[in-house]
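Predicted model, so just to flag it, every value in this text is computed and none were measured. Chain identifiers are assigned alphabetically (A, B, ...) following the order of the sequence lines, protein sequences preceding nucleic acid strands; residue numbering begins at 1 within each chain.
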Amino acid sequence: MVTIILTINILVLIFSITLQMGFIFYNERNFLQKRLLLTAKVVSLQTIASIEFLDPIAAKENLLTLQILTEIQKACIYDITGTVFAFFSTIQTDNITIDSPLICPSIYKRNTMYQFDKLYIYTDIISDNNKIGTLYFEYDLTSLYESLRNILYFNLIITLLGLLLSYFISSYLQRLISKPIISLGEITRNFTRTHNYNLRAIQHDNDELGELVNDFNNMIEEMEKHEIKLNKVIKDLRNSNEELERFAYICSHDLQEPLRMISNYTQLLSQQYDAVLDENAEEYMGYITGGAARMRDLINDILTYSRIGYTSDNITLINIQDIIDNMLKTMASSIKERNAIITVDPMPVIHGYKVLITQVFQNLLVNALKFCKDRQPIIHIGCKRISQGWEFSVQDNGIGINQLYYNKIFEIFKRLNRSEEYEGTGIGLSICKKAVEYHGGNIWVSSIVGEGSTFFFTIPDHNLTTSK
Amino acid sequence: MKCFPDNSKIVEILLVEDNPGDIRLTTEAFKSVKMANNLHIARDGEEAIQFLRKEQPFEKAITPDIILLDLNLPKLDGREVLEIIKNDVTLKTIPIVILTSSEAEIDIVQSYNLNANCYVVKPVDFIKFLSVVQSINDFWLTVVKLPSA
């Protein structure tokens, strides 16, 4: 920043110095020229008498008055014919040029002429409106140029000194301004690294920077309060998670015990007291064991549902093709039993929780097979690349779902059919929904009643997943 | 393939179980498999250890050929019993079958980490329970060659 400002300064100064020097040079020369012409006029008037009386000695004496100006090195008076009438030269060796009468007419047209470091002045000597001769002298410009050069040097030195001074002042000021900013930056970096809430920036002044430092300190204080709050929430959440885990354990163990007693002893009863019990008793006992079995399924499903999100499983690269192949293998007997036709698109390798994704495909396939009771199931498992993820689909030709229930079917324990018709706890789709949403995706259905349903779900690319 | 065709040998089984219903069920199940067995019962973990170490009041106890161990027991629980047995030089060769209603993964993993020989979930269905007992019988008492006590 400082360098840019200094460069601009230097350019402006150079420009102004150039202009100034040009102006001085022009002015000085003009002034000199006027002065010399006036001098020439005065001398020429004085020489009129000596020319008219043909007195070269007097003329020379007149000429010599020009010597007061030391820069005048040569002076000459020509008569009307152009012949040298009188002259002087401070340069001894230079007689010849002055003697030559030819010099005079060739440059005579103008009163002044510049040649290198010389200024030539010509003035007509006029008496009674008649030209009787010419006064000529040479003015040495070296001293003028020298004084101009001195002015230039002086200017340059002053400028240079000014620039240096301004450089030092501005860098001092910059340090003065940026020092608190740099220290604030250091503290910010330090804070980001260590998360030490005791760090505070030091406030030097009450100016804008001081305010900024103050704001920064307030921000850290607020963040500390926020983190304390957050930690409390995390702790509470952890406690409630642990409680949930305990609850899940109780479900899986303690609730199963009485169920086992009920069903096992009912069966034992029917086995060992077959002879004593009548048909009614057999039927009732059937309900008892059936109820117990259903209760067990419900408990297991709630467990599965509540454990989504507490899985120790990590996001890994999973080959969906493998998952589907394995699933079709394990379900081969029920697929064969139903004589189902299942087609599968080429499947990708994606990032996700393997257990959950497997559950989703499995539940959807089980449903697809289940709700095609009266016909041969034709099922297609599809896959489509969408922006920032994958969309999978499971299509069947089953009984279909009324549009009214498109959202209801994903609710836990929601069933649309009587359990005698279609068995199940009504939790499969809730598990699918929770598992898909855990990946940051969506699940939905589109269906025509009597013709079939297609369940769609999306799994976003891993780097875009917001959850966890 | 039977390595142990010696039918005259009576298999000594220690069942560590607190629930009387389960004790009765297991008793019934072992009655129905055609195998000479002697079922001993310990009602909690402490009793089980006393039985195995032949401490009072089990001075006359017989070292069992196999132990069926429930995980959730009063006093010492099943995991602790398992740990004690597997760290005892004289007892650690006795095969232990964990027989429990818990399907929790953590219980299964923990049991195997404590060197349980087998983990069986008690089925809700009695017929299935019978087949489990049958397979315990087949696997541990006939197919597997156990070191003689």
Quick one: which of A:L268, A:L259, A:T266 has the most heavy-atom pairs under 4.5 Å with chain B, could you say? A:L268
Inter-residue atom distance B:F129.CZ - A:R260.CZ, 0.5 Å rounding: 7.5 Å
Inspect the surroundings of CE in A:M327 and state if more than 12 heavy atoms from other residues, nucleotides or ligands are less than 6.0 Å away. yes
Whether over 12 other heavy atoms sit under 6.0 Å from A:Y284 OH: no
For chain A, which candidate among B:R24, B:K122, B:E28 shows the most heavy-atom pairs at distances under 4.5 Å? B:K122
Quick check for you: to the nearest 0.5 Å, what is the distance between A:Q271 atom CD and B:S32 atom OG? 8.0 Å
Go through the atoms of B:L71 and report whether side chain, backbone, both or neither lie under 4.5 Å from a heavy atom of chain A. neither
How about NZ on B:K128, more than 12 heavy atoms from neighbouring residues, nucleotides or ligands closer than 6.0 Å, or not? no
Any side-chain heavy-atom pair from A:E257 and B:D22 closer than 4.5 angstrom? yes
Minimum heavy-atom separation for A:N264 to B:F126, with atom names? OD1-N, 2.8 Å
Kindly check if the number of other-residue, nucleotide or ligand heavy atoms within 6.0 Å of CD (A:E279) is above 12? no
